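Have a look at the structure below before the remarks.
Bear in mind the structure is a predicted one, so any value in this text is a computation, not a measurement. Just so you know, these numbers use all the heavy atoms, side chains as well, and skip hydrogens, waters and symmetry mates.
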Amino acid sequence: MEVDVMKKIPVREQDAKERAANFKEVCLGYNEEEAKCEATRCINCKNAQCIKGCPVSINIPGFIEQVKNGNMAEAYKVISESSALPAVCGRVCPQESQCEGKCIRGIKGEAISIGKLERFVADWAAENGIKPEPAKEKIGKKVAVIGSGPAGLTCAGDLAKLGYDVTIFEALHKAGGVLVYGIPEFRLPKEDVVQKEIDNVKSLGVKIETDVVIGKSTTIDQLLEEEGFDAVFVGSGAGLPKFMGIPGENANGVFSANEYLTRSNLMKAFDGNSTTPIMKSKKVAVVGGGNVAMDAARTALRLGAEVHIVYRRSEEELPARVEEVHHAKEEGIIFDLLTNPVEILTNESGWVSGIKCIRMELGEPDESGRRRPVEVPGSEFVIDVDTVIMSLGTSPNPMISSTTKGLEINKRKCIIAEEDTGKTSKEGVYAGGDAVTGAATVILAMGAGRAGARGIHEFLSNQ
C-alpha cells in the first residue's frame with residue numbers, strides 16, 4: 001500500500017444509506033496492513049505533544065512504533081500501562097481535540113490516526129486472547145469503587161494492578177455505566193467491545209456487584225465502618241437529566257436523551273424481539289448539539305423517524321465531535337441551527353404535536369468564550385413533530401452526597417474533589433468523573449479514575 005505521509009490512511013465505514021437502517025458499527029476500523037501503513041507516518045517525536053494531549057498519558061509514540069514493527073502484543077502492553085479501556089477510547093474519544101490535536105504531523109498535513117490505531121491494537125488483543133497483566137502480589141487492603149463506568153473501571157483496574165482487593169458496586173443490572181446505557185451500539189458494540197473490556201478489568205481480580213444502589217442498598221459510611229473497606233472511590237456519573245422548563249415539556253412523547261438511549265442501548269428496545277417499549281416516532285426533534293444529542297438523533301433515525309437537531313447556536317459552536325456531526329449529516333439528520341424551542345405543542349390527548357421555536361442570532365461571547373445566542377423578535381415558527389428528546393446535559397444524582405456525612409458538594413450538586421488526587425472533604429473518600437465535573441467525556445472520566453487511584457494509593461500507603 002502506498003503511503004502519503006501528509007495524509008491519513010482512510011478508514012473503512014459502512015455505507016451511509018445501509019447503516020441508517022441498522023445498528024451495526026458504523027466505523028469498521030483498520031486491518032493490519034492499513035494500521036502498519038498509518039503507523040509509518042508517525043515521526044516518533046522525542047518531546048511527544050500527543051502524550052500531553054492524552055488525559056491518561058498513554059505512551060503514544062511507543063505503542064505506534066510497535067505497530068509499525070508488527071509487534072501488536074507489545075503495542076497492547078504499552079497502551080495497557082495507562083488505559084484500562086483502549087477498545088472503547090479508540091472508538092469514542094475526541095482525539096481531534098486531544099492527542100491528535102497536538103500531533104506535530106498535523107501542523108503541515110493530517111494528524112496521525114491515533115484513535116484508529118489504538119482501536120486496532122485493542123481489537124487485535126481481544127481476538128488473540130491477550131489480557132492485561134495482574135498484580136504479582138496482593139497488598140491486603142480493600143477499596144470500594146462506586147459505579148462501573150469509565151471512571152470506576154479505570155480506578156479499579158489501576159488499583160488492582162497495584163495489588164489492592166477491589167470491589168465495584170453498580171446500581172444497574174449490568175456493568176459498564178454510560179458505556180452500556182448511553183452510547184449506541186452503532187458507535188460502541190456492547191458484547192464485542194464493552195463486555196470484553198469489563199472482562200479484562202475483572203481478569204485483574206476486580207469483583208463487580210450489580211444492583212447495589214449506594215445511598216439506598218448501603219451507604220459509604222457503612223462501607224468504611226462496617227464492611228471493612230479502607231477507602232472508597234465515587235465514580236457514579238451524572239445521570240440526572242436537565243430540562244428547559246418551557247410550556248408543554250411534561251407532554252406525552254417528551255423524553256430525556258438519557259431515558260431514550262437507556263431504553264435502546266441497555267434494554268435493547270431497538271431489537272424487534274425485545275420486550276422493552278420505545279416510542280415508534282414519525283418525526284423527532286432532538287434539542288441540543290452535543291455527542292449525546294447526535295446519539296439520540298441517530299438512534300431515532302434508525303428506528304424509522306425523520307429527525308431534526310434543534311440547536312440554538314451555529315454549526316461552528318456545535319459541541320459534538322466533528323466525526324459524529326459528519327456521520328449524522330450523511331445519514332440524513334436535518335440540522336435546524338440558530339433555533340431555540342419556546343414551547344412544546346400538544347393535541348387534545350396530551351401527546352406532542354409540534355415544537356414552537358424562535359430563530360436566534362449570535363451576539364457577543366459569553367463566559368465560555370462562545371458567542372451568546374440572542375432571539376430574533378417575531379421569528380417564531382412551528383416544526384411538526386410527534387416526539388421531542390431533550391439532550392441538554394445531566395447532573396449527578398444527589399443520593400450519594402445526601403447520605404454521606406461530611407461529603408461536600410457544590411451548587412451544581414457535584415462532589416468537590418481535588419483534580420490531581422480525587423481527594424474529597426471526607427477522609428478515605430475519593431471521587432472523579434461526571435460525579436465531580438458534571439457530564440463530560442469518557443476519556444476525561446478515565447483520567448479522573450487514574451487520578452483517584454493515585455490518590456487512594458498514596459493515602460493507603462501512608463497508613
Original post:
Is the closest basic N to carboxylate O distance between Arg119 and Asp123 below 4.0 Å?
Top reply: yes

Original post:
Would you call Arg312 and Glu317 a salt bridge, taking side-chain N to carboxylate O under 4.0 Å as the test?
Top reply: no

Original post:
Does Lys161 come within less than 4.0 Å of Glu81, counting only side-chain N to carboxylate O?
Top reply: no

**OP:** Answer yes or no: is there a side-chain heavy-atom contact under 4.5 Å between Cys50 and Ile114?
**Re:** yes

Original post:
Hey, is Arg302 close enough to Glu331 for a salt bridge, meaning N to O under 4.0 Å?
Top reply: yes

Original post:
Between Lys207 and Asp165, is there a salt bridge with N-O shorter than 4.0 Å?
Top reply: yes

Subject >> Side-chain ion pair, Arg371 and Glu316, N-O less than 4.0 Å >> reply: no

Subject >> Side-chain touch Val178/Pro150, heavy atoms, less than 4.5 angstrom >> reply: yes

Original post:
Just wondering, do Ile130 and Trp124 contact through their side chains at under 4.5 Å, heavy atoms?
Top reply: yes

Original post:
On the ring face of Phe229, is Lys142 found with NZ or CZ under 6.0 Å from the centre and within 45° of the axis?
Top reply: yes

Original post:
Hey, is Arg41 close enough to Glu110 for a salt bridge, meaning N to O under 4.0 Å?
Top reply: no

**OP:** Scan for ring pair (Phe, Tyr, Trp, His ring centres under 6.0 Å) pairs involving residues 267-302, sequence neighbours excluded, and state none if there are none.
**Re:** Phe23-Phe270

